[in-house]
Asks: 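Pasting in a structure now, in structure tokens, and then I'll have a few things to ask.
Quick note: residue numbers are just sequence positions, from 1.
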Amino acid sequence: MGKKLIVFLLIVTFIATSHAATTLHWQGGGGDWKDLNWTRNGVPDSNALDDDFVGYILFTDTNFTFEPNMTNLYKSDVNGDNGLIKFESGCTWVQSDGNFIINESGNSSVAVRTNATGGGPVDINLSGTAAWVLTNKGRNNKHTITMDVNTSLTLSGSASITLINSENNSNGFDIGADCNITIKGSADLNTPDIRFISAGSRSTFFTFESGTIVVTGQNALRTAGYPEPNTPSNRINFKTSSGAGGAALVHTDITGDASNRLDGKAGFGYFCIDDVVVTNVYEQVNGYSLLITTNETAGTDTLTLEAGSSEPDYLFVIDNPDDFSTAVPDVCDYNLVCGFESASAPTVVEWHKDGAYYAAGTYDYNATSGVGIATLSLTDVNLSHDGYYYCHLENVAREVNSVEARVLLKRQVAHWKLDGNLNDSNGNYDLDPCNVDSSNYSTGLISQAITLNGVDEYGRTTFAVEEDWSQGYTVTLWVQTPEPEQGQYKSVFSFGVENGFQIDCNGGGTYRQHGNSFNYDIGQIVDSDDYPNVWSFIGISSDGDETSIYFNGKLVSTHATSASETLVASLAIGTNRKDNTNFRFQGSVDDVKLYNYGRSEDDIFLEYYNISGTPICKDELYNSLLDTNDDCVVNFVDFADLAEVWFDCGLYPGGC
């Protein structure tokens, strides 16, 4: 049947039980009936509803038990906001297994719509292995599921709803008033999901106006990937237009697992109020405040949208403490400051460090404005102050926490001198030797160095808890090898998680910084058989935003710091980040240093110069136009070159 611009309405009115065979029909423009149980003229056909389909399917006053598998519904014609599938006026949809798959290939703005006319309640219950997969393929699609009013959606078992944005569209849930969503799986891999996958440049979203969402279980509500900073993409959006009170959401996660905490840092992404990004989950937007109470030990986060200071028991943070860093052994004082608004004077003001109680804080509070400032004074800041701090506030009815602030003591955190062992002279990160003994150490560039066979000799330590080095880091080391073209991934030094970065060989005679999604050349490998006294100096430094690569003291390149660079689960000399037996380094390594901050270009140069004695040519320090022999020195030799052509000129005609 060719494509025809025919719009029809099918009203299905029947009752089916889970024990009865159910065949659903729709009537096309040619008068022939198409089965929705995926047969066409008695022959199974996975595309029974294909691009020929025009119109929509309406379920009204219907109790329907889903019979698997209804897959690959295609719709290509514009149908306004009506939706491809509509549930209205007292419908019940029960599905315990099977796949319900819709591919919107045209310009329809809604794939599934419930109660657009405001009829009786709609109850959708997905359990067992039931799955909905809805994909936006056309370029003008907007919503995937719209719940207009009075709809109940329940997921349990391992049921899932996956919303896929395959082009430059927007997709997600748009939830109206008095709708309730419950996702109540157990906290294991068989947890129900509502998942948003955005492959294009538009947003995925979860917008709701009122009602309650209760989520239990790991990964129950999530998106694939993180949103762009300060944009409402991949968001949970609270509507306030229909009245005060807004909505509430409760999320329960596995104890101690913060990977999907609904606090705007992980899991879903950004919180918004009326499409305005909430950068601080306690701040007011359009007169409303988004409050969060977090009890990570119990694994519970509760978010509530409330009408700002009109609430008699309000309490929220309006100004979070700032990060602070200072170099060791600098001595200074610093105040951590947290601004808040409260309906009454706080009953508890205390500061927590690294997740535990640290000290009581002082505060000033103005009862007229309801604004206060809590302060923690750190005197003679030293290594004991290094860590993450947040302010905990309580009044007679509520309690809130500020966002964490990092107090960073910038310092060298590890130094492997490699003088007869793999110990860190700072005592923080000793490496466990693997097939390494005294025979691996000999005269190096600085005292002794370690020489590795490229097969089974290396040193490595693995952390009990992954560390976050997003504040910055610096790695410096000296290296030489008799095998300049040894295979790629052969790692001199690895720093990070399995997808972190390593300093390795590219298989073609070049050192590089290699990560999960990047490769940056560092410098050419020198053959130590031909040049036994030549060592190469490598430095990699990140300030948290930008990473700089240095080779033999000179800046080679810069690039944006990758998140995988700053999550550290292990450190190793001589083996790659995954400790793969095929990627061990053959050569000698000396004087490896690790810092917890990004060192400057001058710092890196001076470290190189203090060992090599070789100066660096810095163009900005001299006039290169007068350096006729490019030796980075302007002297009598250059003057003689100039004098040799003193009377030459370019005047025409007439000469000089």
Asks: Which value, rounded to the nearest 0.5 Å, describes the distance between Glu341 atom CD and Asn366 atom CG?
Replies: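 Output value for this atom pair is 10.5 Å.
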
Asks: Could you report the tightest heavy-atom contact between Tyr363 and Ala345, atom names first, then the distance?
Replies: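 Taking every non-hydrogen atom into account, OH-CB, 4.4 Å.
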
Asks: Less than 4.5 Å apart, any side-chain heavy atom of Trp132 and any of Val112?
Replies: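 In contact.
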
Asks: Is any side-chain heavy atom of Phe173 less than 4.5 Å from a side-chain heavy atom of Thr144?
Replies: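 They are not in side-chain contact.
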
Asks: Is any side-chain heavy atom of Phe340 closer than 4.5 Å to a side-chain heavy atom of Ile373?
Replies: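 In short, these two side chains do not touch, never coming nearer than 4.5 Å.
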
Asks: So, taking the atom named SG in Cys338 and the one named CH2 in Trp351, what distance separates them when rounded to the nearest 0.5 Å?
Replies: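 Output value for this atom pair is 5.5 Å.
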
Asks: Does the side chain of Ser470 pick up a donor-acceptor pair with the side chain of Thr566 at under 3.5 Å?
Replies: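 Thr566 and Ser470 do not have a side-chain donor-acceptor pair below 3.5 Å.
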
Asks: Where do Asp354 and Gly387 come nearest, in terms of heavy atoms and distance?
Replies: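 Heavy atoms only, the tightest pair is OD1-CA, 3.5 Å.
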
Asks: So, do Leu393 and Glu399 sit near enough that their side-chain heavy atoms are less than 4.5 Å apart?
Replies: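 No, their side chains stay 4.5 Å or more apart.
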
Asks: Say you draw a straight line from OG1 of Thr154 to CG of Asn125; how long is it, rounded to the nearest 0.5 Å?
Replies: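 So the gap between those two atoms works out to 5.0 Å.
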
Asks: Quick one: does Lys353's side chain get under 4.5 Å of Tyr388's, heavy atoms only?
Replies: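 Not in contact.
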
Asks: At what distance, to the nearest 0.5 angstrom, does CG of Leu155 lie from CD1 of Ile183?
Replies: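 Spacing of CG (Leu155) from CD1 (Ile183) equals 5.5 Å.
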
Asks: Under the side chain to side chain contact (heavy atoms under 4.5 Å, CB included) criterion, do Met147 and Ile181 qualify, and how do the steps go?
Replies: CA-CA 10 Å; Met147 295 167 51; Ile181 298 178; 4.1 Å; yes

Asks: Would Val122 and Asn150 count as a side chain to side chain contact (heavy atoms under 4.5 Å, CB included) here? Give the steps.
Replies: CA-CA 7 Å; Val122 172; Asn150 201 11; over 6 Å; no

Asks: I want to check something: taking the side chain as every heavy atom from C-beta on, are Ser402 and Pro321 in contact at a cut-off of under 4.5 Å?
Replies: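 Side-chain contact under 4.5 Å: yes.
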
Asks: So Asp123 and Pro121, do their side chains get closer than 4.5 Å, heavy atoms only?
Replies: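 No, side chains not in contact.
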
Asks: Once you round to the nearest 0.5 Å, how far does OG1 of Thr146 lie from CG of Asn115?
Replies: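 So the gap between those two atoms works out to 12.0 Å.
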
Asks: Between the side chains of Asn395 and Ser342, is a donor N or O closer than 3.5 angstrom to an acceptor N or O?
Replies: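 A donor-acceptor contact under 3.5 Å links the two side chains.
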
Asks: Restricting to non-hydrogen atoms, name the atom on Asn401 and the atom on His392 that form the minimum distance, rounded to 0.1 Å.
Replies: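 Between these two residues, the closest heavy atoms are OD1-ND1, 2.7 Å.
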
Asks: Taking the ring centre of each residue, are His352 and Tyr390 less than 6.0 Å apart?
Replies: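 Yes.
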
Asks: Ile161 versus Leu153: any side-chain heavy-atom pair under 4.5 Å?
Replies: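 They are in side-chain contact.
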
Asks: Where the side chain of Asp97 meets the backbone of Ala130, is there a donor-acceptor pair that is under 3.5 Å apart?
Replies: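 No.
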
Asks: Can you name the nearest heavy-atom pair linking Leu336 to Ala405, along with the distance?
Replies: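 That closest heavy-atom pairing would be CD2-CB, 4.1 Å.
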
Asks: Short question: side chain of Ser158, backbone of Gly128 - any donor-acceptor pair under 3.5 Å?
Replies: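 Yes, Ser158 side chain to Gly128 backbone: donor-acceptor pair under 3.5 Å.
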
Asks: Can you tell me how far CD1 of Ile124 sits from CD1 of Ile145, rounded to the nearest 0.5 angstrom?
Replies: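 So the gap between those two atoms works out to 7.5 Å.
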
